[in-house]
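See below for the structure under consideration.
In what follows, every chain begins at residue 1, and chains take the letters A, B, ... in the order their sequences are listed. What you are looking at is a predicted structure, and each value in this text was computed from that prediction instead of being measured.
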Amino acid sequence: MTDGIAKDRLEKLQAMRGAGVDPFPPRVPRGIPLHELLADFDQRVGQAVTVCGRLSQIRDFGKLRFSHLQDRTGTLQIGFERDRLPAFWPDRKRVEGNDLVAITGIVGHTQKGERTLWATEVVLASKALRAAPEKWHGLQDVEQRYRMRYVDLFANPDVRAAFAKRSQIVREVRAYFDSLGYLEVETPILQPIFGGAAARPFKTHHNALDMPLFLRIAPELYLKRLIVGGMERVYEIGRVFRNEGISTRHNPEFTMLESYEAWADYKDIMARVEGLFAHLCATVLGGQTVVTFRGKSFDLKPPFQKARYLDLFAQQNPGCDWFDHQSVLRRARELGLKTDGLPPEKLANDVFEATVEDTLQGPIFVHDYPVAISPLAKRMPEDARVTERFELFLSGMELGNAFSELNDPIDQEQRFQAQLLHKDDETPGEVDVDYVTALEYGMPPAGGLGIGIDRLTMLLTGSDSIRDVVLFPLLRRVDPTAPTAEPAPPQER
RNA sequence: GGGGGCGUAGCUCAGCCGGUAGAGCAGCGGCCUUUUAAGCCGUAGGUCGCAGGUUCGAGCCCUGCCGCCCUCACCA
């Protein structure tokens, strides 16, 4: 505790203890939610009710004080009158802004007509030793907001609203898949072989088994084992971990929705995605379909635009053949891309990303991706070089990825083997033999889908940064050994 | 990793050309029974992110470091 405010508050706390008042009592009168009181406020005028919450700054008139009480459902003015609070009055200054309290009072109004609870009993529920941020601006400093999200949340109501919306989005995603007969499942986060995406994993270790493990980069391969097992429709909403850079669209741990549906193909999954967005518009957006994101507005009303991957590539890179390494190399150099050491398909996709992705306003389905960059997707019957796969883009941002799942164990094993040839740190060091074995037992044709819940939430809440929809985004820890201005904190008790 | 920006009181921010570190809010002491950004009087609060350098003198100029933001790169 290094500042004078905390010292003042600590003194108040000790004064209360000295007077036999517990500043952190185990329980206080349990109040009703403010929205419930506000809903039929006029009928309750004259009645006594109890409410609980956090006090805002107190406006003091000597024998009369006002403050507002905030709980998760709303805000209500509290009036403290000397004549109604004879017992509390002498100690009134020990309860101050930011403290948590239970207030019993009489429902009424002020002379100007504002709804007010006239307190008859004030019980301190928890003493705040630190002051709330400034009342007009709240907590603005971005770093402090992320590092001290607990303050951000109670000081900035719109932040609370955004996370409430995220919760609602997840709930409605579940409702959508549940309504289609999908089962929600949970699969391992600790995996001996990482797979299902291309990304560097976090490594860890299990002591008792003395076994290296990876935090999953995707649940994909386990979910498809469940399709082999006959569960037929499954989805998982869970955390995945990718050991990559951090940006406004990337947090090292993020929440992924993956779903798999037997007997469906990627066109069916497109319809599912459109259905999901229609459902989210109807529920989360209250019937709206237009959202504003990064300064532009987007209509999420299905059907979405569609374009072939290779057509888009050709449009932006005339004369360049995706499958011809020499022409891709020329084009990549022309664009100033890094070319050395990259496998041909990686470079070709880099050219796609450099030239096409930013042009995709969307929402748009980009479909029919080359097999070389789609190791888990089924080939198109008409052209074995491309797969039945699509990604959903909006404002240049990838929101989802889906395909007809490769269920040919021989093809799958060959593709895994091919990956090992130019293995990098985004490729597992071995073939997931058990997954191939699962396919050998027979997997029905199936369509699978992955959607980044964080990015979806960014879109639906109009947040520019993923950190505004992740409660505790990863930040570098402040080095505790670095020299600081603060001496070692004094021992308090 | 490259480029740009930021870091000053608990919070939000000023601080000019290098010349004694400021305001509002919060706090503390007063006055006030209808405020809601209450008001008025008084008061306290600072290692200017950290470390060095230049200078008679550094919040300001220079170098390095730490952290955050933006951006590019990276990232199916």
With a non-hydrogen cut-off below 4.0 angstrom, is [X] in contact with a base, only sugar-phosphate, or nothing?
{"X": "A:Q140", "answer": "sugar-phosphate"}
{"X": "A:P473", "answer": "nothing"}
{"X": "A:K135", "answer": "sugar-phosphate"}
{"X": "A:R467", "answer": "sugar-phosphate"}
{"X": "A:Y369", "answer": "nothing"}
{"X": "A:R65", "answer": "nothing"}
{"X": "A:L139", "answer": "sugar-phosphate"}
{"X": "A:G97", "answer": "nothing"}

Distance alone, cut at 3.5 Å: any donor-acceptor contact between the side chains of [X] and [Y]?
{"X": "A:R130", "Y": "A:N98", "result": "no"}
{"X": "A:H137", "Y": "A:E134", "result": "yes"}
{"X": "A:S404", "Y": "A:E388", "result": "yes"}
{"X": "A:T427", "Y": "A:Q419", "result": "no"}
{"X": "A:S395", "Y": "A:R294", "result": "no"}

Has A:R476 got a side-chain N or O lying under 4.0 Å from the OP1 or OP2 atom of B:rC68? yes
Tell me whether the OP1 or OP2 atom of B:rU35 has a side-chain N or O from A:R59 closer than 4.0 Å. no
Spell out yes or no: do the side chain of A:Q111 and the base of B:rU35 have one donor N/O and one acceptor N/O closer than 3.5 Å? no
With a 3.5 Å cut-off and just heavy-atom distances, do the side chain of A:E134 and the base of B:rG10 make a donor-acceptor pair? no
Taking the side chain as every heavy atom from C-beta outward, state whether A:L124 and A:M16 have any pair of such atoms under 4.5 Å apart. yes
Residue pair A:V101 / A:C52, side-chain heavy-atom distance below 4.5 Å: no
Close approaches to RNA chain B from [range], in residue order (heavy atom, under 4.0 Å):
{"range": "residues 306-314 of chain A", "result": "none"}
{"range": "residues 353-364 of chain A", "result": "A:E353"}
{"range": "residues 239-257 of chain A", "result": "A:E244, A:T248, A:H250"}

Please indicate yes or no: is the ring centre of A:F66 less than 5.5 Å from the centre of the six-membered base ring of B:rU35, with the two planes inclined by under 30 degrees? yes
Are there any protein N/O atoms within less than 3.5 Å of an N/O atom in nucleotides 6-8 of chain B, and if so, which ones and at what distance?
none

Nucleotide nearest [X] (side chain, heavy atoms from C-beta), chosen from [options]:
{"X": "A:E81", "options": "B:rU35, B:rG27, B:rU34", "value": "B:rU34"}
{"X": "A:D60", "options": "B:rC69, B:rA76, B:rC32", "value": "B:rC32"}
{"X": "A:P133", "options": "B:rG27, B:rU34, B:rC11", "value": "B:rC11"}
{"X": "A:K346", "options": "B:rU35, B:rC28, B:rC75", "value": "B:rC75"}

Starting at atom CZ of A:R147, determine the distance to atom P of B:rG49, rounded to an integer number of angstrom. 16 Å
Please list all pairs passing the salt bridge (Lys or Arg N to Asp or Glu O under 4.0 Å) test where one or both residues lie in residues 55-66 of chain A, with sequence neighbours left out. A:D60-A:R65
May I have all residue pairs that pass salt bridge (Lys or Arg N to Asp or Glu O under 4.0 Å) and include part of residues 72-81 of chain A, sequence neighbours excluded? A:E81-A:R84
Report the residues that fulfil salt bridge (charged side-chain N to carboxylate O under 4.0 Å, His left out) with A:R249, sequence neighbours left out, ordered by chain and then residue number. none
Non-neighbouring partners of A:K224 that pass salt bridge (charged side-chain N to carboxylate O under 4.0 Å, His left out), sequence neighbours left out: A:E220, A:E405
Residues that A:V371 engages under side chain to side chain contact (heavy atoms under 4.5 Å, CB included), provided they are two or more places apart: A:R379, A:T387, A:R415
Pairs satisfying side chain to side chain donor-acceptor pair (under 3.5 Å), at least one member in residues 461-471 of chain A, at least two apart: A:Y146-A:D468, A:T461-A:S463, A:S465-A:R467
State the dot-bracket string of RNA chain B. Criteria: Watson-Crick or G-U wobble, both atom distances under 3.5 angstrom; notation: ( ) intrastrand, [ ] crossing earlier pairs, | interstrand, . unpaired. (((((((..((((.....[..)))).(((((.......))))).....(((((..]....))))))))))))....
By ring-ring contact (aromatic ring centres under 6.0 Å, His included), which residues pair with A:F365, not counting sequence neighbours? A:F304, A:F390
Could you give the distance separating B:rC6 and B:rC74 at their P atoms, to the nearest angstrom? 28 Å
